[in-house]
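Here is the structure we will look at.
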Amino acid sequence: MSDATIAITVLWIFLFIYSLLGSVDFGAGFWAMIFGQRNAGGDTKAAGLANRFLSPSWKITNTFLVLFVVALVGFFPLATFSLASLLLVPVCLVLILLTLRSAFMVYSYSVHSYDRVLRIISGITGLLIPGLLVAVLAVTLGGLVTEAPNGALTLNYGKLLTSPTLYAHLAFGYATELFFSALFLADYAREGRDLATYRTYRRLAVIFGPLSLIAAVAVTFTMLPEAAWIIARFREQWLWFLLSAAAFGIGYGCLFIKRRKGFIGSTRAAVIFIAVQYALASFAYGRAHLPYIIYPQLTLEAGFTNPAIFRSLLIGYIVSTILLIPVFILFWRLFLKDRRYLEQE
């Protein structure tokens with residue numbers, strides 16, 4: 001395995017973890033906004049549970065975003081320069097929305113008069129930010145970027161906004177976000193022994209699960225003819241996609257297992273199998289996409305750093321990851337397992 005392949009694997013791991021955490025984080029913000037409006041009728045505690053999860057978790061999610069960006073700049077400085085100029089508008093919008101969301105997250109918990117505004121900001125940004133990030137995938141497939149004689153890359157926004165691939169990616173991103181966040185929050189409610197909220201989020205997971213799978217298939221069809229190159233490579237990764245589909249079937253089926261105390265479905269097993277499904281699918285997608293960062297203008301080797309910096313960065317990331325593991329374990333025990341936090345009103 002080449003140095004560039006190792007580097008992109010590290011980046012892909014950070015991106016995958018951020019995608020999972022971001023799906024739950026942004027999805028929880030959206031559900032908190034939706035159920036926050038219904039809470040006036042006292043029909044569910046779903047909004048309160050989503051806010052309880054959001055309170056500590058958004059900081060962890062942003063940690064992996066920072067790790068990804070720093071790794072991208074360090075491992076692929078030339079590629080980062082091209083991507084930054086090409087994706088200046090969507091990246092700036094993401095940064096503005098993240099700053100706005102984080103600011104309200106910080107102040108709303110000390111000044112409760114901002115609670116309603118927080119729900120709205122968190123819900124809206126919970127849809128806008130993932131949409132802007134998912135749009136990057138459509139850009140990397142080719143057909144939307146032009147290269148000037150001096151090597152500068154330009155994104156054709158008119159073509160992007162009229163591309164069916166973009167909207168298929170958006171549909172897939174939103175369906176996946178709402179499915180996985182509802183699934184995780186159902187398990188979170190089960191851990192807190194909140195049966196009513198569990199049923200609410202389980203029902204949403206049952207609805208959005210098949211929608212996410214349909215959207216994934218739709219993405220493949222809308223890639224033609226501009227991204228025919230990656231469709232051909234998808235066929236070479238058929239085994240990984242088949243295993244991914246099998247993991248989804250098992251995970252979705254876990255939602256219908258009968259259990260005691262009124263709970264229907266094994267949400268913990270479902271979360272694990274769906275996470276495995278995403279891991280297998282993203283691995284297959286990444287292998288099919290290699291060696292291109294943006295097809296066909298930018299490849300891994302063209303934007304890679306020198307070997308000395310690569311080795312230094314790799315050692316640094318290994319050491320920092322080892323140091324962060326105890327922090328994540330402590331976070332899990334304090335906010336995701338401690339019943340004193342989970343069962344509070």
Name of the residue among Phe283, Phe234, Tyr285 meeting ring pair (Phe, Tyr, Trp, His ring centres under 6.0 Å) with Trp240: Phe283

Residue pair Thr200, Thr197: steps toward the side-chain hydrogen bond (donor to acceptor under 3.5 Å, both in side chains) verdict: CA-CA 5 Å; Thr200 298; Thr197 303; 5.8 Å; no

Whether Tyr201 and Phe35 hold their rings parallel, tilted or perpendicular, with breakpoints at 30° and 60°: perpendicular

Can you give the donor-acceptor pairs under 3.5 Å from side chains of residues 303-319 to other protein atoms, not counting sequence neighbours?
{"residue": "Asn306", "atom": "OD1", "partner": "Ala308", "partner atom": "N", "Å": "3.1"}
{"residue": "Asn306", "atom": "OD1", "partner": "Ile309", "partner atom": "N", "Å": "2.9"}
{"residue": "Ser312", "atom": "OG", "partner": "Ala308", "partner atom": "O", "Å": "3.1"}
{"residue": "Tyr317", "atom": "OH", "partner": "Leu67", "partner atom": "O", "Å": "3.2"}
{"residue": "Tyr317", "atom": "OH", "partner": "Ala71", "partner atom": "N", "Å": "2.8"}

Reported CD1-to-OG1 distance for the pair Ile274 and Thr176, which is rounded to 0.5 angstrom: 10.0 Å

Distance in Å, Leu183 CG paired with Ser23 OG, rounded so as to fall on 0.5 Å steps: 11.0 Å

Side-chain touch Phe68/Leu11, heavy atoms, less than 4.5 angstrom: yes

Interatomic distance, Thr222 atom OG1 to Phe172 atom CZ [nearest 0.5 angstrom]: 11.5 Å

4.5 Å side-chain heavy-atom contact, Thr146 and Leu153: no

Side chains of Thr63 and Val66 in contact at under 4.5 Å (non-hydrogen atoms): no

For Ala205 against Leu255, the heavy-atom pair lying closest together: CB-CD1, 4.2 Å

Met223 CE to Ser163 OG distance, which is reported to the nearest 0.5 Å: 10.0 Å

Within residues 165-189 or reaching into it, pairs that qualify as salt bridge (Lys or Arg N to Asp or Glu O under 4.0 Å) - sequence neighbours excluded: Asp187-Arg190, Asp187-Arg268

Sole residue of Leu15, Ile293, Thr80 in side chain to side chain contact (heavy atoms under 4.5 Å, CB included) with Leu72: Thr80

Met33/Ser122 under side-chain contact (heavy atoms from CB on, under 4.5 Å): CA gap, chis, key distance, verdict: CA-CA 7 Å; Met33 179 183 72; Ser122 181; over 6 Å; no

Nearest-0.5 Å distance that lies between atom CG in Leu185 and atom OG1 in Thr267: 10.5 Å

Student check: side-chain heavy atoms of Ile294 and Leu83 closer than 4.5 Å: yes

Check: Cys92 and Leu88 side chains under 4.5 Å, non-hydrogen atoms: yes

Rounded distance (nearest 0.5 Å) linking atom CG of Leu178 with atom CZ of Phe26: 13.0 Å

Parallel, tilted or perpendicular, as decided by the 30° and 60° cut-offs, for the rings of Phe184 and Phe180: tilted

Crowding at OH, Tyr157 (>12 non-hydrogen neighbours, <6.0 Å): yes

Test item: Leu86 and Val145 side chains (from C-beta on) under 4.5 Å apart, heavy atoms: yes

Mutual orientation of the aromatic rings belonging to Phe14 and Phe64 [parallel < 30°, tilted 30-60°, perpendicular > 60°]: tilted

Heavy-atom check, side chain of Val219 versus side chain of Thr165, under 4.5 Å: no

Pair His289 and Trp229, ring centroids less than 6.0 Å apart: yes

Minimum side-chain heavy-atom gap Phe75-Asp3 below 4.5 Å: no

